[in-house]
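Remember, it's a predicted structure, so these values are computed and weren't measured experimentally.
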Number of protein chains: 2
Amino acid sequence: MAISEAEAVVMDVLWREAPRSAEEILAEVGPAQNWQEGTVKSLLNRLLRKKAVHAEREGRRYLYTPLLKREQYVQQESKGLLDRLFGGRVAPLVAHFSEQRKLSKKDIAELRKLLKELDDEQP
Amino acid sequence: MAISEAEAVVMDVLWREAPRSAEEILAEVGPAQNWQEGTVKSLLNRLLRKKAVHAEREGRRYLYTPLLKREQYVQQESKGLLDRLFGGRVAPLVAHFSEQRKLSKKDIAELRKLLKELDDEQP
DNA sequence: CGCCATCATTTACGCGTGTAAACATCATTC
DNA sequence: GAATGATGTTTACACGCGTAAATGATGGCG
């Protein structure tokens, strides 16, 4: 089963640093999200059930470690969107952002560099 | 309220051609999706409630037309993903697909063309 | 040892979703 | 004009999600 958006917020904390306790996660995510302790605990339990995190007892509490890798998650999510909206092809997606004027100078520079590298690697 | 994935499938049919009757929509989407008539009707009603489509009586049935434009929907969806996963920047997204070897020759060619055009337009 | 503070686990609840059956409406045919 | 068939509308139901309160377990303190 796919992990939900709220769950992904918790994963994000763990991807930045792990292992972490529920309390630490709450501290990092509570203010921005306005979540209470119970909320975070529930999300952690659902993530456990989905085998997206692993919990290891440390004294009185548990420390949580991500099992699902960020790269995997990003992969699934972006492939889903790409397939649903752009026929699975990257260029139309970029074209979309381009039309939308959502390409920053920095983006353009980086894209150029990226293409150059692809060139070099495959002459 | 945002439109759901199943609802988007119905919208897709309407974006390809509109107006259309429920029956026509079912004919196009039923086989692939394994949906029954009631399902499509419900989705249409929810889309009506969300003001994503408009219905106009034509004799005994209704003809549905999209109100939400495909471009708007694509915009929302892709901005959401971009913000959530790539800090709102396009280049990292493309880099991600590049690492994943998801860039086809065609993609690369098109991206190159796109960058060239951006160049020309803003000398 | 018994109680309090900490954690975690369970249970709850309203809401959207996917899916569809039940019901209502209305035009067409006998 | 009543029965039939085609459409649309209402209602239903299980499930995941966001959010949190209630309950349970456990280790430390007096």
Side-chain angles (χ1 to χ4, degrees), chain A residues 1-14 18-65 68 73 76-77 80-81 84, chain B residues 1-14 18-68 73 76-77 80-81 84:
Chain A
M1 200 179 319
I3 90 179
S4 80
E5 203 156 321
E7 288 159 2
V9 171
V10 170
M11 290 303 288
D12 246 320
V13 177
L14 292 175
R20 305 239 222 173
S21 69
E23 189 188 13
E24 288 167 327
I25 295 171
L26 175 63
E28 183 145 335
V29 96
Q33 229 71 23
N34 254 75
W35 283 346
Q36 228 120 328
E37 205 176 324
T39 305
V40 172
K41 300 274 180 71
S42 277
L43 292 173
L44 281 170
N45 274 317
R46 288 176 187 170
L47 287 169
L48 276 174
R49 219 179 309 134
K50 295 180 184 180
K51 306 247 193 277
V53 306
H54 166 78
E56 184 151 10
R57 186 141 224 151
E58 191 247 23
R60 46 179 129 214
R61 70 238 175 101
Y62 279 95
L63 294 184
Y64 299 89
T65 316
L68 175 68
Y73 176 70
Q76 289 165 204
E77 291 295 300
L81 181 110
R84 274 190 301 123
Chain B
M1 198 180 320
I3 90 180
S4 79
E5 202 155 322
E7 287 159 3
V9 171
V10 170
M11 290 301 289
D12 247 319
V13 176
L14 291 175
R20 305 240 220 173
S21 68
E23 188 188 13
E24 288 166 327
I25 294 172
L26 175 63
E28 183 146 333
V29 99
Q33 229 71 22
N34 254 75
W35 282 346
Q36 227 120 329
E37 204 175 326
T39 304
V40 172
K41 301 275 182 70
S42 277
L43 292 173
L44 281 170
N45 273 318
R46 288 177 188 170
L47 287 169
L48 277 173
R49 221 180 306 135
K50 294 180 184 181
K51 305 247 192 278
V53 307
H54 167 78
E56 184 151 10
R57 186 141 223 152
E58 190 247 25
R60 48 180 128 214
R61 70 238 178 103
Y62 279 94
L63 294 184
Y64 299 88
T65 316
L67 289 181
L68 174 67
Y73 176 70
Q76 289 166 204
E77 292 293 301
L81 181 110
R84 274 190 301 123

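Heavy-atom nearest nucleotides on DNA chain C were determined for R49(A) and for R61(A), and the one closer to the 5' end corresponds to R61(A).
When side chains are defined from C-beta on, M11(B) counts as touching L47(B), because their heavy atoms get closer than 4.5 Å. Using a 4.5 Å heavy-atom cutoff, the side chains of Y62(A) and V53(A) are not in contact.
E7(A) and L43(A) make their closest contact through CG-CD2, 3.9 Å (heavy atoms, listed as atom of the first residue, atom of the second, distance).
Interatomic distance, R84(A) CZ to D12(B) CG, rounded to the nearest 0.5 Å: 9.5 Å. The CZ atom of R46(B) lies 14.5 Å from the NZ atom of K41(B); values are rounded to the nearest 0.5 Å.
Within the 4.0 angstrom heavy-atom criterion, no nucleotide atom of any strand lies near A55(A). Within 4.0 Å (heavy atoms only), A2(B) reaches sugar-phosphate atoms of the nucleic acid but no base atom.
Nucleotide dC15(D) holds its C1' atom 9 Å from the CE atom of M1(A), rounded to whole Å. Between the CD atom of E58(A) and the P atom of dT26(D) there is a distance of 17 Å, given to the nearest Å. Atom CZ in R57(B) sits roughly 8 Å away from atom P in dG8(D) (whole-Å rounding). Atom pair Q33(A):CD and dA20(D):P shows a separation of 11 Å (rounding to whole Å applied). Spacing between atom CD1 of I3(A) and atom C1' of dG16(D) amounts to 14 Å, rounded to whole angstrom units. The separation between Y64(B) atom OH and dT7(D) atom P is 11 Å, rounded to whole Å. Between the OH atom of Y62(B) and the P atom of dT7(D) there is a distance of 14 Å, rounded to whole Å. Look at CG on L48(B): it is 11 Å from P on dG8(D), rounded to the nearest Å.
Among the nucleotides dG18(D), dT9(D), dT7(D), the one closest to the side chain of E5(A) is dG18(D).
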Verdict with supporting geometry, L44(B) and L48(B), side chain to side chain contact (heavy atoms under 4.5 Å, CB included): CA-CA 6 Å; L44(B) 281 170; L48(B) 277 173; 5.7 Å; no
One pair to check against side chain to side chain contact (heavy atoms under 4.5 Å, CB included): V10(A) and Y64(A). What are the steps and the verdict? CA-CA 10 Å; V10(A) 170; Y64(A) 299 89; over 6 Å; no
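Rounded to 10°, the angle separating the first-five-pair axis and the last-five-pair axis of the helix from dC1(C)-dG30(D) to dC30(C)-dG1(D) equals 40°.
In the 5' to 3' direction, nucleotides of DNA chain C lying under 4.0 Å from heavy atoms of chain A begin and end at dC7(C) to dA12(C).
Non-hydrogen atoms lying under 4.0 Å from DNA chain C are contributed by Q36(B), G38(B), T39(B), S42(B), R46(B), all within residues 36-46 of chain B.
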